[in-house]
Each structure stands twice: as structure tokens, then as C-alpha cells.
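Below is one structure, written out as C-alpha cells; comments come after it.
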Protein chains: 2
Amino acid sequence: MLRRMKHNEDAVAPNRPRRVTATDVAKAAGVSRSAVSRAFTQGAYLDQEKKERILACAQELGYHPNAFAAGLQTTQSNIVAVITGEMRSQYDHELVDHLLKGLLAIGKWPMVLSGRELASAPNLQGIFGFPVDAMIVRGGSVDPFVTNACAKLQIPLIISGCIVKAPLVDSVSCRNFDGMFALAKLLAASGRRRIGFIDGVPNRASKAERPAGAKAGLAEHGLSFVATITSDYSYHGGLQAAQTLLAEHDLDAIMCANDETAIGAITAVQDVLGKRVPEDVAITGFDNLKMAAWPNFNLTTVQNPIRDTVAQILRLLQERLANPAKPGETVLTDAPVVARGTH
Amino acid sequence: MLRRMKHNEDAVAPNRPRRVTATDVAKAAGVSRSAVSRAFTQGAYLDQEKKERILACAQELGYHPNAFAAGLQTTQSNIVAVITGEMRSQYDHELVDHLLKGLLAIGKWPMVLSGRELASAPNLQGIFGFPVDAMIVRGGSVDPFVTNACAKLQIPLIISGCIVKAPLVDSVSCRNFDGMFALAKLLAASGRRRIGFIDGVPNRASKAERPAGAKAGLAEHGLSFVATITSDYSYHGGLQAAQTLLAEHDLDAIMCANDETAIGAITAVQDVLGKRVPEDVAITGFDNLKMAAWPNFNLTTVQNPIRDTVAQILRLLQERLANPAKPGETVLTDAPVVARGTH
DNA sequence: ACCTTGTATGCACACGTGTTCACATAAGGA
DNA sequence: TCCTTATGTGAACACGTGTGCATACAAGGT
């Protein structure tokens, strides 16, 4: 399908124009191709004046060293695959946004794979064709297929949002348990006694740790949840779940698995049921979205620290690239309570 | 710096393990390397039983054809660069999310460049090292450097969010003018007479079209803006701007350049100034974020159609790849008024 | 018997680059 | 003068793949 042709003969109507190549620049500058390569290589022996002439010609012709060809020589491709999962929550967007900017800032090119069904085997196959320097995976979407493939191909794997203990795998997560623990104690200490919990869908990291932390916190005060309901981490889920919960139980507080659920719950309590927050019912979230600080909601929550998390991911990435054989590391970031007006 | 060594000799402690190569698979399956290549090529002559044996060996060894080496032969790399700009607004997140999923769905690998300063020349240089199939740029960040480079290197360029008339450049934008025009008429028709406008920061596409559309709509009813103020498209910007506006003028409606600003303005009117929306002051937005439909806000706005926009971007991409020489196309998507409860 | 057609397979080339190697030149010290 | 060191330079190799080319074999038609 590919027309075979020499460089110097013109194609009649090529489908994609041929890239400007180092040989072209060499010809234009009257030097060898090696010299052109050296002009773009830091610290290579090359006459200063000749180097400037080459770079000028390159600029003129629009030459950029082909990263594919270079990648065949070098051991680093500078491409990092980022598997984001479903991107359902606002928190995911904020985190991924920071992560992508951070990767660019350290000279890595992020290739982003998002969507639920795309995290499954057949769709992910293709990414392993690229010699990526590493893969970064958001917690929700840790498919065993990915773990196995990375282990087999020796691709550094960094997981964010849940803890995975595997030989060479690094992971970063916030202290979900501790955050919820402290938040529950805050509620209990301020006199709440009939407390409910709106959980998220299964298969997420927080599924286990967050409710467990809350339960443990309540237990310290001799309390336990009056009722628990499972929702889907969404605003509408929270809106619905809070109504269901309050229709069946007389609660003076509802803890939610994340901020979006909590904001839905606030709306249900205030606008639908006509009760007051926090006077009648306290509401708490988890994540500390930007929205949580808006005066509309002024949500008492736990901070899921984006900046720290991203910084740790980048640190782990760079350290592992420097030393691929170092043992897998697990980083837990602090998740402090942010006490605002809904408790 | 790179150790020179034959394939079959073992390295002492290689920095990155050598990838499994087609030659390895060939050796394991007892066939020629060409056969391995053909096993992964659709429609190549190859004995069925031999093909299955090769694929089994490949699976066993964890072989994936190296996309870099393949990309040197083929005319398509299947990589698409996506330049997102600052990602300041919620709308940007939603759009980019859909776009990335859409690209994956048609077999393209998105490389994402985000951040304001990264859209400048030096940081963008590197991306031109990759033989990307195309570049997709969000309106806010159309740097002339990018336009020039793409033109010179003959890289297909698709711009979303503003209209750029250039020879081979495609662009998609919604009918900002028409949407605001209709919205302004709606306000005027429902009796509003003292109307203000909160604009966004300059250098964005909507800067020009949205206020112009609104003005034209008011003019049809013999009205014009009582006051205009420039903000930054953000929630806090809207919160502040609405207070300033209402402190200096007696308005019965405020039109905002986007939804986030409008939500800030609603909060200012209701929670800070203690007035009612829409009884005392009507508020309108633009974009129709998911949040705009929440009962908390129930915002009257204009739909900036994400699904259509992404579909058009993908269509333009595929058509241009099929026919690189076709004239640049400009697509305008419909931006219908979404009348809810704040007008 | 011969030609045509379809299938199968290995060799060798080309893609565009980084880097080693051998070699050339120049400067400086003994 | 000779040796050492630093600096430049081009030829050649290697990275891993897709595919054109030549060849081979089998089947079928005349």
C-alpha cells in the first residue's frame, strides 16, 4: 500500500507529505547528517558557527527530529500513559487536570485513556504498542489485565486512589479511613446522635475505607449508623438517597461518601424537604471540591489533597525511572477535616 | 551513553528491559520474522495454522508490535495532539472528556497538552517531534505559533470554540451570537427593561460574539445594556461582578457570558444581597452545564452542545485524514435557549 | 503439456535517527 | 621534534518494523 520511492524523487500526490528530515537539513546547510543530529544533541562536539547555521536551516525548513526514530535509539520515549477511568466525578476532572499539567512540566507527554469500557482488555492492547515510560492509573479502573501486562512488560505502574501491594508497583492514596474517622468524631462531639451514611457504588477504593473510618469514629462515642444506603457518587444520587433515608428514618446527620453526593443531599434536605442545614440535619462530604467552599453550600468535608497527590505521583515516577528496580512504595497523603457550615 | 550490544547477548543490568521483538517471536515459533509481521497484518497471505501458532507465541512472550518502528513505515501514527488551553471552566472539562473518549473510540491516541503557559512556543516545540495525524485546539488557546507550525508542517488543524478562516483549517463553534440573541429577546419579551451584562476576559471566542448577540437581541426591542462589566468566566468573578453591578445600578436582569459566572451572580443576588431570583433580578448564563439543571440553580441559559461539537470534530478529523487537500470547513452548531427558572 | 491464478514464504530494503568508531586537525608541553 | 590532549567530522551500525520482490508450490482450465 505504501509507495516505494527515493527521497529525492517527487511523488505525484502523496497522501501525507513527507516530513523534513535531517538529511534535508544537512543538504541545505552543506554538512553531514551526523552534524545535524549533533546540533540537536546537548554536549556534542560541534563547531559553534556550524551549529548555528544548522539550527537556522532547521528553523527555516521546519525540521524537528522525528521522535519515533529517536525513540528507537533512546531508552526513554517520554510518553506516559494515563488511564483515568470513567471521569464521572468533578474530583476526577480536577485531579487529572493537575496531573496532566504536572507531567508536561517535567517533560513527559501524557497519552490519556478514559472511559469505562476502554479500560478493558481489547481496547487497552494498543497502548502497549507504544514504548511508554510508565503508566499512571486512577484507582477506580485498576483492571487486573493492566497490572499483569505491566508486570510482564516491565512497565512502571503508578496507581492513584487506592493501595495496591505488588512487587514493583507504586501507589498513592489519601488517608480515607483517618479522614472519615475524624469527621465522624466531629459530628458526634457536636451532639449528633442519629446519623446515616450514603455510600458510593462498589468497586471504588473509598468503598471500603471511608465507611469503615466513619464507623470507627462513631464507635469511639458509643454510636453506630442508624441507616446506610448505597448510591453512585453523583449529585442526583445524593438527592435521591437523602430523601429515601429521611423518609424512613429520623436522622440529625448524614455523612456522604463524597462532596457531590453531599451537595445533592443538602439540596434534598433544604429545597425538597424544607428542613434546615445544619440546624435540623447536618451533612458532610469528602474530597473538598472547589464547589464545597462556595457560600451556597459551605460544606463541611474532608480534604482529598490534589496538589499533594499529584506531587507524589510525579516524585514516584521520576524516582522509578531513575531506579526501575527499587521496591514498590506506598504513599498515604493527609486528609484533614475542613469544618465549614453544614455540621 | 547507550550501550551497544547484540540482541542475543545478555546485558548486565539494563536500565530498561529490552522489549520483546518480532524476531524473538519468530524464533520461538520457528518461522521467519516476516511471518510474524504478517500475522499482525490484516489480509496478508499466511497459513492459518501458522498464524495461530505465532499469535500464541506472541501472547506468551507478551509481544506487541512496536508502534514507533511501525510508525516509521506507515503514513499514519494514530496519535492526535489535543491542546486544551487553561481548562478553567467546568465546560472545558466536560467537552475535553467527551472528546478524549471519542478519539479513543475511533482508534486515535490523544496526547493532551494543557495549561496556559504550555501553549507558548518553547513548550510546544516538542510535540512537533511526533508525527501526529492532526492537532485539535480549543478556542481559547489558538496561538499563532501553532497555526503557523501546522501550516508549515502540513499538520491538519481542527479548532473548536472559535472560527478560524485559513486555507486547510477546519473549525467548529456554536452559534454564540444567535444563542445570546434569542436569550436577550426572551428577557425583553418577558418584561425586563434594565439589563446588565457580565462579560468574560478578553482573548476568548465568546468575548466578541456573545455580547454582540445579546446587544442585537435587545436592540430589536429598543433596549440596550444599562451597564457592562468585565469578569473572568469564574464563579467568584460572577459573585463579585454582580455585587458591583447592582451596587451602582438598579437592574432587573443580568446576562452572564457563561454558566459559572451566572451561578456566582445568582448567589450574590440571593445570599449576599437578599433579593429574589427571578422576581427581583433575572439571571441568565451560557453553556448549559450539568449544574445548570440542578434544582438549586435551575438556570435559564443557552446550550453549548458538547455532543454535537465533539461529533463534528471527529467527523472533520476523519474526512480530512481521508482527503488532506479538501478545503477548510467551518461548522456552526445550534445553540438553543434552555428556558428554566431564572428569567 | 502449458499457462494462469491463488497462496505462501524468505530476503532485503527503507523508514529517520543517535552514537560509536576511526580518523583528522590543532594546540600545548617536554 | 614528539607525545598528549582536546576538539571536529563523516562513515557506518543499530533500533524494529512493514512490505515489495522474487520464488515456490498447488490447483484448475485449455
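Sequence lines set the chain letters: A, B, ... in the order given, protein chains first and strands last, and positions in each chain run from 1.
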With the side chain of [X] defined as its heavy atoms from C-beta on, choose the nearest nucleotide among [options].
X     : options                : result
B/A35 : C/dG10, D/dA11, C/dG18 : C/dG10
B/N66 : C/dG10, D/dG16, D/dT9  : D/dG16
A/R33 : D/dC13, C/dG16, D/dT9  : D/dC13
B/T41 : C/dG10, D/dT19, C/dG18 : D/dT19
B/R38 : C/dT17, D/dA12, C/dC11 : C/dC11
B/P65 : C/dG16, C/dT9, D/dT17  : D/dT17
B/S34 : C/dC11, C/dG16, C/dA14 : C/dC11

Would you kindly give the [atom1]-to-[atom2] distance between [X] and [N], to the nearest whole Å?
X     : N      : atom1 : atom2 : answer
B/L72 : C/dG18 : CG    : P     : 12 Å
B/F40 : D/dG16 : CZ    : P     : 16 Å
A/Q42 : C/dT19 : CD    : P     : 12 Å
B/D47 : D/dC25 : CG    : P     : 16 Å
A/Q73 : D/dA12 : CD    : P     : 17 Å
A/L46 : D/dA6  : CG    : P     : 19 Å
A/F68 : C/dC15 : CZ    : P     : 17 Å
B/I54 : C/dT9  : CD1   : P     : 8 Å

Given [N], is OP1 or OP2 found less than 4.0 Å from the side-chain N or O atoms of [X]?
X     : N      : result
B/T21 : D/dC15 : no
B/Y45 : C/dT7  : yes
B/K50 : C/dT9  : yes

Regarding B/Y63, tell me which of base, sugar-phosphate or nothing describes its non-hydrogen contacts under 4.0 Å with the strands shown. sugar-phosphate
Indicate yes or no: at least one non-hydrogen side-chain atom of A/V112 is less than 4.5 angstrom from one of A/M87. no
Pairwise side-chain contact, A/D24 with A/R18, heavy-atom cut-off 4.5 Å (strictly under): yes
Crowding at CD, B/E60 (>12 non-hydrogen neighbours, <6.0 Å): no
First encountered from the 5' end of DNA chain C, between A/A70 and B/G30: B/G30
What's the separation between atom CZ in B/R38 and atom CZ in B/R33, rounded to the nearest 0.5 Å? 9.5 Å
For A/F40 against A/L55, the heavy-atom pair lying closest together: CZ-CD2, 3.8 Å
